[in-house]
Each structure stands twice: as structure tokens, then as C-alpha cells.
Amino acid sequence: MEHLSNNLIKIKDRIAEAALRVNRNPDEVTVVAVSKTRALDEIIAARELGIRDFGENRVQELQEKAERLAEMDIDWHMIGHLQRNKVKYLARIADINLIHSLDSLRLARQMEKRGRMAGQNFNVLIQVNTAGDEDKFGLSPVELFSFIRRCREFPHLQIRGLMTIAPFVEDPEEVRPAFARLRNLKEQIAELDLPGVKMEHLSMGMTNDFPIAIEEGATIVRIGTGLFGPRR
Ligand SMILES: *Cc1c(COP(=O)(O)O)cnc(C)c1O
């Protein structure tokens, strides 16, 4: 899978260039390889190139892949919208590292319940709809603040930062304001210094726009097609 190693070299170059433009250390940026729809051998090949973090957007696909690749040292990320009736499957995935898509109070309640039952804490990011996009999941910036103040009700959820999905646009410069907004929200929340809330991560940027997200402070970029090629 030579295309994989070539793609990875290009991605790493672009990460380094973007970080240097804004005086950041490129090592602060984690690549989550988005492996939804990809076969296990593609994931294994990417792991052998040194990628450790993989993201899936469906719980059952994630659970199946995590089980079949249990021998490999992989950190799994749930990046897609999470339905409340799927949270029970999530609690069974041993190597689940970070859930990027906490987007409602009802989901938080369900995760708290399952976490308590399983004796498990979940590391989560809160998904924010920074572009005010009607058909995207995520809390509005206003809802985010009322939500964050209630997080003490969920001791099994460790809030580790924020995530956003920018709309696809031809010119990724257009989504820079959405990324800047997410960074500002992270800074404002960090200042509140709430228990159980650590604003360490900004998960933003995909194949089309990750260099701009890095310029605006992304610590996690989620890259699918740029690494594995077009999805089938
Ligand atoms: C599919 C997906 C990605 C990766 O998108 P690419 O454009 O293929 O890099 C990133 N984040 C989320 C939430 C996704 O569902």
C-alpha cells in the first residue's frame, strides 16, 4: 500500500508547514486516521506506518474493528453522531480513547448512566455547531455554556475539549472563522475552571481544511480520504 505511505508523508509535511506558519510545534497535532468503510488490512497497514489513532463514525463498526484488531496497539476514536441506544455498545469497547461527538444533555445523561453501570469513565469532546449549520449535529455556542455548567452532574464524563465539523467548501479559507470561534470558546471555557472540565483538545480539520484548522489551534485533525484515498 504505497499510496498510504506517500499520502502520510504529504500530510505530515502539510501539518509541519501549517504549524510553523503560526509558531506551533507540529508534535502538538495528533492525526486521527478516519477508517470508516475501510477494510482491516488498510488499518493494519496504516498502523504499521506509525499511526496509532483511528476514528470511526458508527459504533457497531467501531466495536467490530476494535475487537478484531484487539492485539494491535490502537487508540480508537468515536467521531460520528452517537445515538443514545448505542451507548451500551460503546461501554464494551476496551480501547475507546476519546468520544468526539457529545452533542446533547440527553446523550450525556445516557453516557453517565452507562459509565456508572460499567464502572468506566468516558473521555469526551463536546461537538459544537460553529457554522450554525441546520443539518449538522452539535450544540450552538449559547447552548454550550449552559451545558458545560451542568457537567458536574456527570462524574463519569471527563470533558477534554471541543470538536467541530466545518461545512465542505471549495475554498477552505471560508471556514477559518468557524475554527477561530471554536478556539475562542475553548479559551473562555478554560477560564471558568470547572471541575471535570479540561480544555486540552480542539478536534477540527479534515482532508479539505486541516492546515487552516492547525493554524487556528487544532490539536487533533481527522483525516480520511487524504490518507486512504476516496471512500468506496
Ligand atoms: C468522515 C469524517 C472525517 C474525515 O473526512 P475526510 O474528508 O475524508 O478527511 C472527519 N470527521 C468526521 C466526523 C467524519 O465523519
Side-chain angles (χ1 to χ4, degrees), residues 15 18-19 21-32 34 52-53 55 57 75-82 87 90 96-112 115 120-133 136-166 175-206 209-223:
I15 289 175
R21 281 197 289 276
V22 292
N23 288 317
R24 293 185 62 200
N25 179 351
D27 297 340
E28 290 169 16
V29 181
T30 299
V31 174
V32 170
V34 177
R52 177 195 297 256
D53 293 86
N57 67 340
D75 290 335
W76 291 100
H77 296 248
M78 172 60 192
I79 61 173
H81 175 63
L82 186 54
V87 174
L90 206 59
I96 186 90
N97 184 52
L98 190 60
I99 295 150
H100 294 228
S101 43
L102 177 58
D103 60 5
S104 73
L105 207 50
R106 293 165 82 199
L107 177 59
R109 284 198 196 100
Q110 184 66 15
M111 290 177 72
E112 172 60 26
Q120 183 179 0
N121 287 344
F122 294 113
N123 287 311
V124 300
L125 306 179
I126 302 174
Q127 183 172 349
V128 184
N129 187 347
T130 44
D133 204 330
K136 283 223 164 53
F137 292 106
L139 299 175
S140 71
V142 173
E143 290 168 325
L144 173 65
F145 282 93
S146 57
F147 180 86
I148 204 89
R149 291 182 184 283
R150 298 189 61 171
C151 282
R152 70 186 70 213
E153 295 168 33
F154 312 117
H156 291 83
L157 302 186
Q158 316 286 311
I159 312 288
R160 308 287 299 275
L162 305 177
M163 177 271 219
T164 198
I165 304 176
V175 295
R176 186 184 290 281
F179 294 149
R181 197 166 306 134
L182 199 69
R183 186 191 59 222
N184 283 328
L185 292 167
K186 170 180 178 261
E187 285 162 6
Q188 288 174 46
I189 291 168
E191 273 173 29
L192 300 176
D193 200 18
L194 298 169
V197 178
K198 282 198 200 119
M199 282 289 126
E200 296 165 273
H201 286 299
L202 281 177
S203 169
M204 56 188 197
M206 323 202 307
D209 53 22
F210 72 87
I212 295 191
I214 290 169
E215 287 175 19
E216 296 300 331
T219 63
I220 299 175
V221 292
R222 309 177 307 265
I223 301 184

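This chain uses plain numbering: 1 for the first residue, then up along the sequence.
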Problem set entry | Enclosure of Arg152 CZ (heavy-atom neighbours >12, cutoff 6.0 Å) | no

Exercise. Salt bridge or not for Arg109 and Glu153, using N-O below 4.0 Å?
Worked result: no

Problem set entry | Minimum-distance pair of heavy atoms, taken over all atoms of Asn121 and Pro155 | OD1-O, 4.1 Å

For this session: Measure from the side-chain N and O atoms of Glu191 to the backbone N and O of Gln188, and report whether any donor-acceptor pair falls under 3.5 Å.
Result: no

Exercise. Looking only at atom types and distance, does a side-chain atom of Arg183 sit under 3.5 Å from a main-chain N or O of Glu216, one as donor and one as acceptor?
Worked result: yes

Exercise. Can Glu215 and Arg176 be said to form a salt bridge (Lys or Arg N to Asp or Glu O under 4.0 Å), step by step?
Worked result: CA-CA 9 Å; Glu215 287 175 19; Arg176 186 184 290 281; 2.7 Å; yes

Exercise. Taking C-beta and beyond as the side chain, do Ile159 and Phe154 meet within less than 4.5 Å on heavy atoms?
Worked result: no

For this session: Test side-chain contact (heavy atoms from CB on, under 4.5 Å) on Val34 and Met206 and set out the steps.
Result: CA-CA 9 Å; Val34 177; Met206 323 202 307; over 6 Å; no

Seminar exercise, completed: Value for OG (Ser140) from CZ (Phe147), rounded to nearest 0.5 Å, stands at 12.0 Å

Exercise. Where do His100 and Arg222 land on the side-chain contact (heavy atoms from CB on, under 4.5 Å) test, with the steps shown first?
Worked result: CA-CA 10 Å; His100 294 228; Arg222 309 177 307 265; 4.0 Å; yes

Problem set entry | Between CG on residue Leu90 and CD1 on residue Ile96, distance to nearest 0.5 Å | 5.0 Å

Problem set entry | Minimum-distance pair of heavy atoms, taken over all atoms of Phe122 and Met111 | CE1-O, 3.5 Å

For this session: Hey, could you give me the CG/OG1 distance between Leu139 and Thr164, rounded to the nearest 0.5 Å?
Result: 10.5 Å

Exercise. Does the pair Met163 and Val128 meet the rule for a side-chain contact (heavy atoms from CB on, under 4.5 Å), with working shown?
Worked result: CA-CA 6 Å; Met163 177 271 219; Val128 184; over 6 Å; no

Problem set entry | Derivation and outcome, side-chain contact (heavy atoms from CB on, under 4.5 Å), residues Leu125 and Arg160 | CA-CA 6 Å; Leu125 306 179; Arg160 308 287 299 275; 4.0 Å; yes

Exercise. Do Thr30 and Val221 have side chains that get closer than 4.5 Å, going by heavy atoms?
Worked result: no

Seminar exercise, completed: Shortest non-hydrogen pair, Ser203 vs Leu182, comes out as O-CD2, 4.5 Å

Problem set entry | side chain to side chain contact (heavy atoms under 4.5 Å, CB included), paired with Cys151, selected from Leu105, Val124, Val197, Leu194 | Val197

Exercise. Quick one: does Trp76's side chain get under 4.5 Å of Leu98's, heavy atoms only?
Worked result: no

Exercise. Do Asp53 and His77 have side chains that get closer than 4.5 Å, going by heavy atoms?
Worked result: yes

Problem set entry | Contact summary for Ala218 and Val29, nearest pair of heavy atoms | O-CG2, 3.8 Å

Problem set entry | Flag side-chain contact, heavy atom, 4.5 Å: Gln158 against Lys198 | no

Problem set entry | Any Leu157 side-chain heavy atom under 4.5 Å of Leu102 side chain | yes

For this session: Using a 4.5 Å cut-off on heavy atoms from C-beta on, say whether the side chain of Leu144 contacts that of Ile126.
Result: yes

Seminar exercise, completed: One should read off an interatomic distance between Thr219 OG1 and Met199 CE, to the nearest 0.5 angstrom, of 11.0 Å

For this session: Locate the shortest heavy-atom distance separating Ala213 from Met204; write the atom from each residue and the value.
Result: CB-O, 3.2 Å

Problem set entry | Nearest non-hydrogen partners of Ala19 and Asn25, listed with the distance | CB-C, 4.3 Å

For this session: Could you tell me whether the side chain of Ile165 reaches within less than 4.5 Å of the side chain of Gln127, counting heavy atoms only?
Result: yes

Exercise. Distance from Asp75 atom CG to Arg52 atom CZ, nearest 0.5 Å?
Worked result: 6.0 Å

For this session: Hey, could you give me the CD1/CG distance between Ile214 and Leu202, rounded to the nearest 0.5 Å?
Result: 12.0 Å

